[in-house]
Amino acid sequence: MPDAHRTIDAVWKIESAKIIAALTRMLHDVGLAEELAQDALVQALEQWPASGVPDNPGAWLTTVAKRRALDHLRRSRRLDRTREQLAHELAHQGDGRPEQPQEQPSGSGRQEPDPEQDDVLRLMFISCHPVLPTEARVALTLRLLGGLTAEEIARAFLAGEVTIARRIAAAKRTLAEKRVAFALPEGPELAERLSSVLEVIYLIFNEGYSATSGDDLMRPGLCHEALRLGRLLAELAPGEAEVHGLVALMEIQASRSAARTGPAGEPVQLHEQDRARWNQLLIRRGFTALLRARELGAPPGPYVLQAAIAVCHARARTAEDTDWAQIAALYEALARLLPTPIVRLNRAVALAMAGGPKAGLALTDELLADPALRDYHLLPSVRGDLLARLGRSEQARGEFLRAAALTGNAAERAFLRRRAEGIAVAVTPGVTLGDAAQDFLRRGDLDTATIRSYGQTLRRLCLTLGDGLPLSALTAEQVARVFATAWGGAAARTWNRHRSAVRSFGSWASLDGLAAGVERRAQARGRAEPIGPAQLAALWELPGAALRERTLWRLLHESAAGARAALSLDVEDLDLDACRVRGGDTRVSWCAGTALLLPHLLAGRTRGPVFLADRRPGPARTPPAADLCPETGRSRLSYERAEYLFKRATRPLDPAGDGYTLRRLRPRP
């Protein structure tokens, strides 16, 4: 009965958040609440095709789910004085009909809060709780409030289904272990928690509006889901100006969706878009939402200001009519509230449009040293546009090529390359930085480990400065800037390793003094103090730790091997039965903890690196063949990434709050 299945899908999309919220209020456990709600869904899938769809399918699902919750409470002997109230409620719902709402006095309006709406609002605040990592908040929100499956979320974010499922499970476990209350925050905590909810919704929208990876520029499903959540939040919290500001911003940005891509899916810039294709209904909704925000009388916050900028664009009948002076003023106000590098970059664009490209370029030049933007493709893209407007064609072409190398989105990459190819410049004689780096790494006198280490340094130089930079134009000042943004906060050992690579490359390329602006850092002597027994015990039980990290940490502790040696291991070298590495110069063996985890990590793989990065490398970041897994296409996990993840995970365990280094996993001698 296909109609029944379609009805179930539609009803579940609408009712799932309300059901899970109601069960969470009963059980005080969001994970258990979702499981029981899913049980009700399964029962509907089994019964409705045969018996027909009930007159009120939402009430039917709610009744079944609450019955299961009540059964659970009875079995676990945790049913308190609300038992009689719940039983009374279920007695009225036994025929699948919802309870009739009590009539309110005529003209009184809503005198009491709607418990159902309040429950959904509580669920939204729990899903976006700051105790969870950002990626977990996004996944859990889409799961509980969007009704999306792990498979659907994984498909939307181009991630593995297993990864998403683990992320959701870890988030539920963390909420339970931290005993996060199913209650609305109050006072100063409300602003912080609301900010987290808004951030999650806007992250979902942005990933749909400008996909960071994949072949398509947009993923409309995520935009629609974010808009639905934003509108729902505006209904649940009508007195919050920033909520209406976010809705206004998303409505107006979504109104341009049809005009943002060309016939082949290529990006169309804002000033080139056919404004007749902008959705006027969404624009009017955006205007209305911004008016609601302003009527509340609160000082404009970041989302209200961004919505006001979007309104300036929407009001202009043509690109030439855009009030860039007003937009620049709004960005200046936004930069005072939210002085992030992205806001400063957008302000530079507005200033360039209002006062000429020279003013904008001066601001973007200041951002070149900001570590937060070192891999942000829009910085070189904006600089390329400004340089082209100033007639500096060769530099503009290099910036567009660098932007293309940094983006993970195929449509944007192709667009940026076309922009670069469309700039006519004289062919620069001589060798480029990219060519020289490849030739240097192909030398026959370098071993595998050295090639891998030097390759990391040179890839960073090429990404930051551009493959096409003439080698003769490479300067010590440029190298020093790359070091400051890429490794400014790195340990002395890491800094010195990259410095050594640059010095070796400079000597080979006859560029003496290439590392002149990079001073050697003093390295601390002595063995790092191992992590104590109590902290180790807490580490092994750390909630939310991924299988890859748990396996690596166990291996380092049980084998006493160095992190680089462990990360260089390949699957074909492992003797799982003997718990050691076969032959070779790397002598690594392990104990039961690692032996239990390794088979799950390998998941049947027979070749390639043991520890893999989260994603496949982009076209501009292709590592050596020895560092690629032939079965998954993913590259070897880097030492820098492994160290960063370990430090971040162990901050709560470290009394100093800095997090531990991987070296401290080695056991006491």
Side-chain angles (χ1 to χ4, degrees), residues 17 21 117-118 120-146 148 156-157 171 175 180 183-210 212 222-254 282 285-311 330-331 333-340 342-343 346:
Q117 284 196 330
D118 285 350
V120 175
L121 186 59
R122 289 186 183 98
L123 184 63
M124 193 174 286
F125 274 97
I126 282 182
S127 300
C128 303
H129 199 286
V131 75
L132 301 175
T134 301
E135 61 271 16
R137 294 181 224 169
V138 169
L140 192 62
T141 299
L142 289 173
R143 181 76 185 96
L144 299 183
L145 290 145
L148 275 65
F157 282 92
L175 291 174
V180 174
L184 292 175
E186 297 179 353
E189 186 187 3
L190 175 62
E192 178 190 353
R193 296 279 297 280
L194 181 62
S195 175
S196 177
V197 174
L198 296 175
E199 177 192 16
V200 167
I201 294 174
Y202 198 39
L203 279 172
I204 295 170
F205 180 85
N206 272 335
E207 185 57 33
Y209 192 71
S210 298
T212 55
L222 286 177
C223 289
H224 295 158
E225 190 56 41
L227 269 171
R228 189 184 72 81
L229 291 173
R231 291 165 183 161
L232 174 63
L233 182 59
E235 292 176 9
L236 299 175
E240 297 292 340
E242 278 291 85
V243 174
H244 296 295
L246 174 60
V247 172
L249 174 61
M250 293 192 298
E251 299 276 16
I252 295 174
Q253 286 185 324
L282 292 180
R285 283 180 172 174
F287 285 3
T288 301
L290 186 58
L291 283 174
R292 286 178 185 157
R294 287 175 171 169
E295 286 169 358
L296 291 171
Y303 290 110
V304 170
L305 287 172
Q306 290 177 79
I309 292 168
V311 164
L330 287 168
Y331 268 120
L334 180 61
R336 287 195 293 269
L337 280 180
L338 200 68
T340 66
I342 304 296
V343 171
N346 286 330

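One is the number of the first residue; the rest follow in order along the sequence.
Using a 4.5 Å heavy-atom threshold, the side chains of Leu233 and Leu198 count as touching. Using a 4.5 Å cut-off on side-chain heavy atoms (C-beta onward), Leu229 and Val197 make no contact. Phe125 has its side chain within reach of Leu194: a pair of non-hydrogen atoms, C-beta onward, lies under 4.5 Å apart. Taking the side chain as every heavy atom from C-beta outward, His129 and Arg193 approach each other to under 4.5 Å. Using a 4.5 Å cut-off on side-chain heavy atoms (C-beta onward), Arg137 and Leu203 make no contact. Contact annotation: the side chain of Leu290 never approaches that of Leu249 to less than 4.5 Å [non-hydrogen atoms, C-beta and beyond].
Here Leu246 contributes atom CG and Leu227 contributes atom CG; the two are 9.0 Å apart, rounded to the nearest 0.5 Å. Between atom CD1 of residue Ile252 and atom CZ of residue Phe287 there is a gap of 5.5 Å, rounded to the nearest 0.5 Å. Residue Arg122 holds its CZ atom at 11.0 Å from CG of Leu236, rounded to the nearest 0.5 Å. Rounded to the nearest 0.5 angstrom, Gln253 CD and Cys223 SG are separated by 9.0 Å. Atom CG in Leu334 sits 8.5 Å away from atom CG in Asn346 (nearest 0.5 Å). Rounded to the nearest 0.5 angstrom, Thr288 OG1 and His244 NE2 are separated by 11.5 Å.
The residues Glu225 and Arg228 are annotated as salt-bridged, a charged nitrogen and a carboxylate oxygen being separated by less than 4.0 angstrom.
Using modelled atom types, no side-chain atom of Ser195 and backbone atom of Ala191 make a donor-acceptor pair closer than 3.5 Å.
In terms of heavy atoms, Met250 sits closest to Tyr202 at CG-CD1, 4.2 Å. Across all their heavy atoms, Ala293 and Ala241 have their closest contact at CB-O, 3.5 Å. When all heavy atoms of Ala254 and Phe205 are compared, the closest pair comes out as N-CZ, 3.9 Å. Residues Val247 and Gly230 come closest through the heavy atom pair CG2-O, 3.3 Å. Listed here is the closest heavy atom pair of Leu190 and Glu240: CD2-OE2, 4.0 Å. For the pair Tyr303 and Glu242, the tightest heavy-atom approach, listed with the atom from each and the gap, is N-OE2, 3.0 Å.
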Practice item. Give the C-alpha distance, both sets of side-chain angles, the deciding distance and a yes or no for side-chain contact (heavy atoms from CB on, under 4.5 Å) between Leu222 and Leu142. Key: CA-CA 9 Å; Leu222 286 177; Leu142 289 173; 4.2 Å; yes
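For Gln306, the side chain to side chain donor-acceptor pair (under 3.5 Å) test picks out no residue, with sequence neighbours left out.
A 6.0 Å sphere centred on CZ of Arg231 holds more than 12 heavy atoms belonging to other residues, nucleotides or ligands.
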